[in-house]
Novice: 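One structure, pasted below without further comment.
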Amino acid sequence: MRLFWRILAAFGGLLVLLIIAIAIAVRTIDVNDFIAPIQKRVKDATGRDLVIRGGIDFKLSLEPELLIDDVSLGNAEWGKSAQMVTAKRVEAQVKLLPLLQRNFEIVRFKLIDPVIALETDAGGKGNWEFSGATGLGGAGPSTPGGFNAFAIGDLAIDHGTVSFRDGVSGKTTNIAVEELTLHARDAQSPVSARFRGTVGDIAVAMEGDLGPLQSLVQRRLPYPVSLKGEINGHAASVASKVRVEGRTVNLDELQISTGKSKIEGQLALTPGAQRSKATFKLAATTYAWTDLPLLRKLKVAAKGVAAREKFVFGDEPLDFGALQAFDADGDVSIGTLMLPEGRKLDNVHVQFALRNGKLDAPLLQASAFGGTARGGLSIDAARAHDPALTLHLDAKDLDLGALLAMFGVTREVRGGKTEVALDITTHGESPHQWAHGANGTAMVVVGPATLVHTKLDLDSPLNRLADAVNPFHRVDPSTELECAVGRLPLKDGIAQIDHSIALETKKFGASVSGTLDFRDETLDLAIKPQIRRGIPIDVPQVASLVRFEGPFRSPAVRVDAAGSALAAAKIGAAIYSGGLSIVGESLFSAVTGAGPGPCSAALGQHSAASAPPTQPSTSSGSTKPAPVGKTLDRILGR
């Protein structure tokens with residue numbers, strides 16, 4: 001045991017003597033003599049000038065530390081910025097023994113308050129692609145009076161800024177770095193990474209593991225990446241295996257998670273001389289719309305806040321400029337897409353192509369409200385502040401009760417399979433602008449349904465309207481709806497309604513004429529109910545005309561039984577001026593027993609003027625309307 005302690009003491013004494021000898025040797029070195037060799041080495045490796053204005057300080061320890069103040073590295077000749085990198089201070093901690101052999105092995109390299117300008121030229125070449133003869137890995141020839149090796153271990157950035165300028169589009173992305181660290185035991189070991197800061201105005205805090213630095217430099221691929229943390233306060237993670245084929249960077253086995261959602265697939269990025277291109281195929285079992293804040297980033301102006309209180313269709317502009325930044329081919333499938341307020345879309349499938357600012361999505365498909373929807377969308381964002389939109393949508397077998405609930409109408413509904421067809425062209429940045437300039441047709445057709453009258457919320461405008469139009473609303477427990485049709489011919493945001501909104505029940509029918517103005521979101525409609533012949537009138541009053549008018553958010557219902565003729569004349573004058581006809585008795589020939597009914601006329605298959613005269617019913621009960629064409633026959637199940 002004594003021998004052991006003697007050997008240990010002798011070894012300790014030798015170690016102390018060695019440290020003293022090293023300290024004396026290092027103290028004989030003037031660290032400012034390092035400047036010229038370092039500058040020469042960097043020039044050889046990058047082809048750029050390294051300028052050190054503040055000199056070098058040296059702190060002696062087992063791993064000596066170099067402190068370099070006021071440093072800058074020149075940019076590429078074609079670069080817009082004069083310097084690629086400037087830093088208030090550079091801290092480099094080096095290994096002691098290699099230093100004595102003039103090998104410069106950095107244990108830790110830290111940039112304090114740097115400004116890093118990354119950019120590409122018109123051909124897509126980056127200013128980080130150096131043109132020097134040797135690399136920074138120390139493989140080049142030794143520099144006389146300089147160092148034989150140059151290797152970096154840990155890398156850190158403390159409170160810096162990074163900008164990336166796309167030389168093709170001219171768009172610049174700014175990154176504010178609070179903290180960035182890369183740590184590896186050696187060049188062959190995996191790298192631990194951590195980042196905290198903002199990308200644009202998006203807060204990012206991520207950490208995780210990367211493959212060895214040497215694998216990346218030598219392009220031994222695929223290169224693994226695995227990061228997790230938060231994006232804008234939402235939990236997020238990304239994992240992939242990176243491959244490079246020519247100029248294309250492939251992210252294979254890609255897994256992106258945000259919140260409680262996870263999407264998988266593959267992504268390829270190809271920088272181009274004119275435009276970069278992204279190609280991806282992604283799929284998810286379940287995804288929440290609220291986990292996609294980056295894809296639905298809105299620019300909300302102060303006036304937009306006030307507009308949201310006034311308009312049903314929001315006046316918050318969307319940023320269409322991103323469509324001009326790159327080209328893309330995409331295929332996205334989501335089993336269940338969770339929407340706000342508990343709604344959801346199932347079996348979502350989207351395919352699209354983006355070229356030169358024009359988005360063409362020929363396939364938009366989903367299951368919703370008990371039915372299915374399929375359509376296509378085109379957005380031409382060549383003029384980012386006034387993009388043109390074209391939408392085609394066909395939805396079938398939708399649940400009427402679910403649709404009414406979406407518009408704030410709560411009531412018990414049994415049946416009522418609904419079809420919706422949209423063929424709309426418009427332009428603008430916000431939903432309100434789209435509604436303001438809409439042209440085309442929107443149509444809704446509802447099949448047989450039972451509308452239960454109990455527990456109605458008469459604060460709802462639509463329920464108040466139903467109470468006014470339906471004379472049996474207060475005496476019958478339910479309304480047996482046979483059909484309802486709404487066909488809106490839109491021109492510059494205005495729908496002139498000429499009997500193109502109608503409904504038929506087993507006891508009465510109704511048709512609508514008037515105007516829906518989506519520009520200022522107001523309506524002025526005249527609704528004329530008509531009781532079927534043979535139905536006993538055991539109600540206190542039948543309204544001859546019902547007016548539904550005012551803003552979309554809170555329209556008023558007015559019933560004028562005594563003065564309905566005068567009200568009809570006033571509305572008729574406005575309708576006549578637009579070349580339309582007034583609500584007429586002949587329209588209800590089917591309701592009274594013969595000829596086309598309101599639903600048929602609303603579909604445009606028969607006009608009110610050509611309807612045959614009213615014929616007496618041969619039945620004491622309600623009569624079945626005559627066939628009204630394929631659309632209505634299909635939804636009525638005939």
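Everything numeric in this text was worked out from a predicted model, so none of it was measured. The figures here come from the full heavy-atom set of this structure, side chains too, leaving out hydrogens, waters and symmetry mates.
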Novice: Using atom types as modelled and distance alone, determine if a side-chain donor or acceptor of Arg374 lies under 3.5 Å from a backbone N or O of Gln365.
Specialist: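 Answer holds: no.
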Novice: Does the distance from a Lys or Arg side-chain N to an Asp or Glu carboxylate O, for Asp329 and Arg355, drop under 4.0 Å?
Specialist: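 Here Asp329 pairs with Arg355 in a salt bridge, since their nearest N and O are under 4.0 Å apart.
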Novice: For a quick test of reading the model, state the closest non-hydrogen atom pair linking Ala602 to Ile501 and the distance between them.
Specialist: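 So the two residues come closest at CB-N, 4.1 Å.
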Novice: Working note: Val238 + Leu254, criterion side chain to side chain contact (heavy atoms under 4.5 Å, CB included); need CA distance, chi angles, decisive distance, verdict.
Specialist: CA-CA 7 Å; Val238 59; Leu254 180 63; 4.0 Å; yes
Novice: Is it true that a side-chain atom of Gln324 and a backbone atom of Ala381 form a donor plus acceptor pair closer than 3.5 Å?
Specialist: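 Side chain of Gln324 to backbone of Ala381: a pair is present.
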Novice: So that I know where these two stand, are Phe352 and Phe280 an aromatic pair - ring centroids less than 6.0 Å apart?
Specialist: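 They qualify: ring centres under 6.0 Å apart.
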Novice: Please step through side chain to side chain contact (heavy atoms under 4.5 Å, CB included) for the pair Asn439 and Leu490, ending with a clear verdict.
Specialist: CA-CA 5 Å; Asn439 290 279; Leu490 290 161; 5.6 Å; no
Novice: Checking side-chain polar atoms at under 3.5 Å, does Asp498 have a donor or acceptor matched by the opposite partner on Ser500?
Specialist: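 No - no donor-acceptor pair under 3.5 Å links their side chains.
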Novice: Between Phe518 and Phe552, does the ring centroid distance fall short of 6.0 Å?
Specialist: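 Yes, close enough.
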Novice: Assess, by modelled atom type and distance only, whether the side chains of Glu482 and Thr505 contain a donor and an acceptor separated by less than 3.5 Å.
Specialist: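 Result is no, nothing qualifies.
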Novice: So, Asp517 side chain and Arg519 main chain: donor-acceptor pair closer than 3.5 Å or not?
Specialist: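 The answer is yes, because a donor-acceptor pair under 3.5 Å joins these two groups.
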Novice: Using atom types as modelled and distance alone, determine if a side-chain donor or acceptor of Arg487 lies under 3.5 Å from a backbone N or O of Val445.
Specialist: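 A pair under 3.5 Å: no.
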Novice: When you measure from the side chain of Thr285 to the backbone of Gly335, do you find a donor-acceptor pair of N or O atoms at a distance under 3.5 Å?
Specialist: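 Side chain of Thr285 to backbone of Gly335, a donor-acceptor pair under 3.5 Å: no, none is there.
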Novice: Might you point out which heavy atoms bring Ile424 and Ala438 nearest each other, and give the distance in Å?
Specialist: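 Shortest heavy-atom contact: CG2-CB, 4.0 Å.
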Novice: On a heavy-atom basis, which atom in Pro387 and which in Phe320 lie closest, and how many Å separate them?
Specialist: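 Residues Pro387 and Phe320, closest heavy atoms: CG-CD1, 3.7 Å.
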Novice: Say you draw a straight line from CD of Glu429 to CH2 of Trp434; how long is it, rounded to the nearest 0.5 Å?
Specialist: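 CH2 of Trp434 is found 10.0 Å from CD of Glu429.
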Novice: Please check: side-chain N/O of Arg411 versus main-chain N/O of Val452, any donor-acceptor pairing under 3.5 Å?
Specialist: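 Flag set: sc Arg411 to bb Val452 pair under 3.5 Å.
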Novice: How long is the gap from CG on Leu488 to CD on Gln496, to the nearest 0.5 Å?
Specialist: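 Spacing of CG (Leu488) from CD (Gln496) equals 11.5 Å.
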Novice: Quick check for you: to the nearest 0.5 Å, what is the distance between Leu516 atom CG and Phe548 atom CZ?
Specialist: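 The CZ atom of Phe548 is 9.5 Å from CG of Leu516, to the nearest 0.5 Å.
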Novice: Search all heavy atoms of Pro529 against all heavy atoms of Val469 and return the closest pair with its distance.
Specialist: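 What the structure gives for the nearest pair is CB-O, 3.5 Å.
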Novice: Looking at every non-hydrogen atom in both residues, tell me the closest pair between Ser261 and Ala288 and how far apart they are.
Specialist: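 Nearest pair, atom of Ser261 first, then Ala288: OG-N, 2.9 Å.
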Novice: Looking at Asp524 and Arg547, is there a salt bridge between them, counting it only when a charged N and a carboxylate O are closer than 4.0 Å?
Specialist: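 Yes, this pair counts.
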Novice: Quick check against the 3.5 Å criterion: does Asp327 have a side-chain atom that pairs as donor or acceptor with the backbone of Ala278?
Specialist: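 It does not hold such a pair.
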Novice: In Å and rounded to the nearest 0.5 Å, what is the OG1 to CD1 distance from Thr390 to Ile379?
Specialist: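 So the gap between those two atoms works out to 9.5 Å.
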Novice: Step by step, would you call Thr450 with Glu480 a side-chain hydrogen bond (donor to acceptor under 3.5 Å, both in side chains)?
Specialist: CA-CA 5 Å; Thr450 298; Glu480 298 300 321; 3.0 Å; yes
Novice: Check whether Gln433 reaches the backbone of His427 with its side chain - one donor and one acceptor, N or O, closer than 3.5 Å.
Specialist: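 No, because the side chain of Gln433 does not come within donor-acceptor range (under 3.5 Å) of the backbone of His427.
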Novice: Does the pair Arg558/Glu549 count as a salt bridge with the N-to-O cut at 4.0 Å?
Specialist: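 Glu549 and Arg558: salt-bridged.
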Novice: For Ala510, does its backbone N or O pair with a side-chain atom of Gln530 as donor and acceptor, under 3.5 Å?
Specialist: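 Flag not set: sc Gln530 to bb Ala510 has no pair under 3.5 Å.
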Novice: Examine the side chains of Asp331 and Gln351 and answer whether a donor and an acceptor come within less than 3.5 Å of each other.
Specialist: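 Yes, a side-chain donor-acceptor pair sits under 3.5 Å.
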Novice: Does Asp476 come within less than 4.0 Å of Lys507, counting only side-chain N to carboxylate O?
Specialist: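 Salt bridge between Asp476 and Lys507, a charged N being under 4.0 Å from a carboxylate O: yes.
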Novice: Quick one: does any side-chain atom of Asp346 pair with a main-chain N or O of Thr336 as donor and acceptor, under 3.5 Å?
Specialist: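 Such a contact is absent between Asp346 side chain and Thr336 backbone.
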Novice: How about Glu316 and Ser430: does a side-chain donor come under 3.5 Å of a side-chain acceptor?
Specialist: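 No, no side-chain donor-acceptor pair sits under 3.5 Å.
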Novice: Can you tell me how far CD1 of Ile334 sits from OG1 of Thr286, rounded to the nearest 0.5 angstrom?
Specialist: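 Reported to 0.5 Å precision, the distance equals 9.5 Å.
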Novice: Do Asp399 and Thr418 pair up side chain to side chain, a donor and an acceptor below 3.5 Å, judged on atom types alone?
Specialist: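 Absent: no donor and acceptor within the cut-off.
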Novice: Could you state the interatomic distance from OG1 (Thr270) to NZ (Lys277), rounded to the nearest 0.5 Å?
Specialist: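 NZ of Lys277 is found 7.5 Å from OG1 of Thr270.
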